[in-house]
Amino acid sequence: MKISTIEIQSWRSIKSLKVSFQELMILIGQNNHGKSNVLNAILFFFGEIKPQALDFNEDQDELFVEITFDELGEHEKLTFSKYVTVDNQIRVRKTATKSGSMVYQGYTQTPIEDCLKESNASSYTNRSIAEATPFSYLLPESGRITQAIIKQAQSKYIEQNLGIIDFSYELESTNFLGAKNVAKGIFGDVFHIPAIKVASDDYSNKETSLFGKLYGRIISELSESNVEWEEAKNRMSALFKLLNKEDDDGNLNPSRPEQLNNFENSLNGHLSDWGADIELEVIAPNVDEVFRSNTQVWINDGFKTDISRKGNGLQRALSFALIKTLADKLREQQSSHEETARSSSRSMFFLLEEPELYLHPQAQRALLESLVALSEAGAQVILCTHSSSLIDLSKYKSICIVRKESTQQGTKACQCTDELFVGDGKKDFNLSYWINPDRSELFFAKKVVLVEGATEKTVIPFLAQSLSVFKHDYSVIDCGSKNNIPMYCNLLNKFGIPYVAVYDIDHQAHKNDQARQVADARSQAIEDAIVRTLGSSVTLVSDIEEELGMPRGVGGKPYAALEHVSQAGFAMPESVKEKILSIYE
């Protein structure tokens, strides 16, 4: 079971927000814009946290988080059968009020036509009435027609005619599953790793810890598959039953140790005046629980200690090692065609806040690879980050930019779920990104400067610094070639990120008319891609080298250009100065 969409209303900085989810979701944005609020809203839905008075947006007395789940397993379809739509989804809302009440409610999908409503089945048990319904051909030719038969025929007819049946989709007025309280974990296991925490909490043997949850799964598998383990559990159970006065059938246990009988008799002798008897019952422990709770984790990096005595980097790495181990386990299950057990109690949701903390860039990239593998193996991973190392530009559908332009509007989300590139365009974009993965930083920029290549990327910021207009929150992105600039324009358009495209007109004196026409077509493709409310363009008449007055044919272009502009006698041409000022305005 996976989160398909989430809608949040009146939660902290969020007035109203809706986000579409992928297997891997990456929330990015500036500080204090609401990324953590989105994660905490999910934690509230799953019962991991309770709202406080300050969690209600402004003067609102009620808030809710509504999640639509898809990819339901057979167990989940059975558990939530009342709420499963024809698209095999369920939609559930959790509402909280300032008075302290909390309630889950589900959406039910009901056919508009009365004869197809399950609640009306009793009205059609008369054969003459039933035969006038559109599902009459699904009824038995003879015999008594029961409500169960009608319901089965209704269900079969709906399944066969989904395209022509009209449905109403409404929030139920009663409690979800008819229960006042929804059991924690009914929607799956939630693994939350906040930005700052004591790593030893992850590795404690408590059932709620990350280690405890994952280790509990291993113990469960061991208990189900290991014969010796099962035999040991049975022997333990038999031993404890031996200590009780009666067996499971209520008969006296002749094998009970005499010491226990004597102890009971002594106690009861002193209580005879009270008309009361004491009976000692020895309850067998849960062996799986004993195994888990008595496991201690030690870390030996040349000096054996518990995890709390290790450095922050190692502590963080050990927490993520648990996640990587789970990803490996899920991949093994898939490769061996084992059931991945994504039932209501086995679905997994990982929520990570700034997982890059204490990790060097190479470790961050390795972590991203593990998180991608985990999401592809069946779990759903949701993280918020400030690191471009945890952004895979080719997975742009997983990226959600969280913004808060004003307190009046509240936190909003910007994402792209459309297919931006098809055919060779997608291949070209992926190859371009592979050459320079640092381009992922564009998602964190206040404004993006798109340039053709390494020379422009090197020289333009240098010239901006010399003019005292350089801005650290402007990112200069090397697109790899002029042909790739429109692709990046399309991406930035979808995410609402301001940009300026800087490119060569390529009208060098040595080029013939045909070459100039090709260059003009490429220039026009860039201009056509620019959405003027977000982007603009700055053109170089021929190329950056010519604009700077460099001799043609100089090798090592980026270094040569930088060496040229850094000479003591270099005088920046007025045309270049105007363009640099325009780029950084």
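None of the values given here were measured: they were computed from a predicted structure.
For the pair Gln60/Lys15, no side-chain contact is recorded, criterion being any heavy-atom separation below 4.5 Å from C-beta on. Using a 4.5 Å heavy-atom cutoff, the side chains of Glu66 and Tyr107 are in contact. Between Glu76 and Ile90 there is no side-chain heavy-atom pair separated by less than 4.5 Å. Cys489 is listed as a side-chain neighbour of Tyr499, based on a closest heavy-atom distance under 4.5 Å. A 4.5 Å side-chain heavy-atom check between Tyr83 and Val92 finds every atom pair outside the cut-off. Looking only at side-chain heavy atoms (C-beta outward), Gln9 and Glu7 come within less than 4.5 Å of each other. For the pair Thr411/Ile8, no side-chain contact is recorded, criterion being any heavy-atom separation below 4.5 Å from C-beta on.
A side-chain donor-acceptor contact under 3.5 Å links Lys471 to the backbone of Tyr584. Of the possible polar contacts, none joining the Glu578 side chain to the Ser575 backbone as a donor-acceptor pair under 3.5 Å is found.
By the 30° and 60° cut-offs, the orientation of the rings of Phe46 relative to Phe69 is perpendicular.
Applying the 6.0 Å contact sphere to CG of Asn32 captures no more than 12 heavy atoms from other residues, nucleotides or ligands. Within 6.0 Å of NZ in Lys50 there are 12 or fewer heavy atoms belonging to other residues, nucleotides or ligands. Within a 6.0 Å sphere centred on CG of Asp418, other residues, nucleotides and ligands contribute more than 12 heavy atoms. For Asp59, the CG atom sits in a loose shell: 12 or fewer heavy atoms of surrounding residues, nucleotides or ligands are nearer than 6.0 Å. Other residues, nucleotides and ligands contribute at most 12 non-hydrogen atoms within 6.0 Å of the NZ atom of Lys577. By the 6.0 Å contact criterion, CD on Gln30 is open, its count of non-hydrogen atoms from other residues, nucleotides or ligands being 12 or less. Counting heavy atoms of neighbouring residues, nucleotides and ligands inside a 6.0 Å radius, atom CZ of Arg516 exceeds 12 of them.
Closest of all the heavy-atom pairs between Gln380 and Ile3 is OE1-N, 2.6 Å. Of all non-hydrogen atoms in Gly496 and Arg403, the two that sit nearest each other are O-NH2, 3.3 Å. For the residue pair Glu546 and Asp543, the shortest heavy atom distance occurs at N-OD1, 2.8 Å. When all heavy atoms of Val65 and Ala41 are compared, the pair lying nearest together is CG2-O, 3.7 Å. When all heavy atoms are compared, the tightest approach of His386 to Lys35 is NE2-NZ, 3.3 Å.
By the 4.0 Å N-to-carboxylate-O rule, Arg532 lies close enough to Glu527 to be salt-bridged with it. Ion pairing of Asp506 with Lys482 is present here, as a side-chain N (NZ or NE/NH1/NH2) and a carboxylate O approach within less than 4.0 Å. The residues Glu545 and Lys557 are annotated as salt-bridged, a charged nitrogen and a carboxylate oxygen being separated by less than 4.0 angstrom.
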Evaluate the side chain to side chain contact (heavy atoms under 4.5 Å, CB included) criterion for residues Ile49 and Asp55: first the C-alpha distance (whole Å), next the side-chain angles of each, then the deciding distance (0.1 Å), finally the verdict.
-> CA-CA 11 Å; Ile49 60 175; Asp55 291 324; over 6 Å; no
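The six-membered or imidazole ring of Phe187 lies near that of Phe176, with a centre-to-centre distance under 6.0 Å. The ring of His564 has its center closer than 6.0 angstrom to the ring center of Phe570. The aromatic ring centroids of Phe45 and Tyr104 lie less than 6.0 Å from each other.
Tested against Pro558, the residues Val459, Thr455, Ile544 include a single side-chain contact (heavy atoms from CB on, under 4.5 Å) partner, Thr455.
Side-chain atoms of Thr385 and Glu356 form a donor-acceptor pair, as typed in the model, at a separation below 3.5 Å.
In this structure, Lys2 fails the cation-pi test against Phe21, since its NZ or CZ atom is not both closer than 6.0 Å to the six-membered ring centre and inside 45 degrees of the ring normal.
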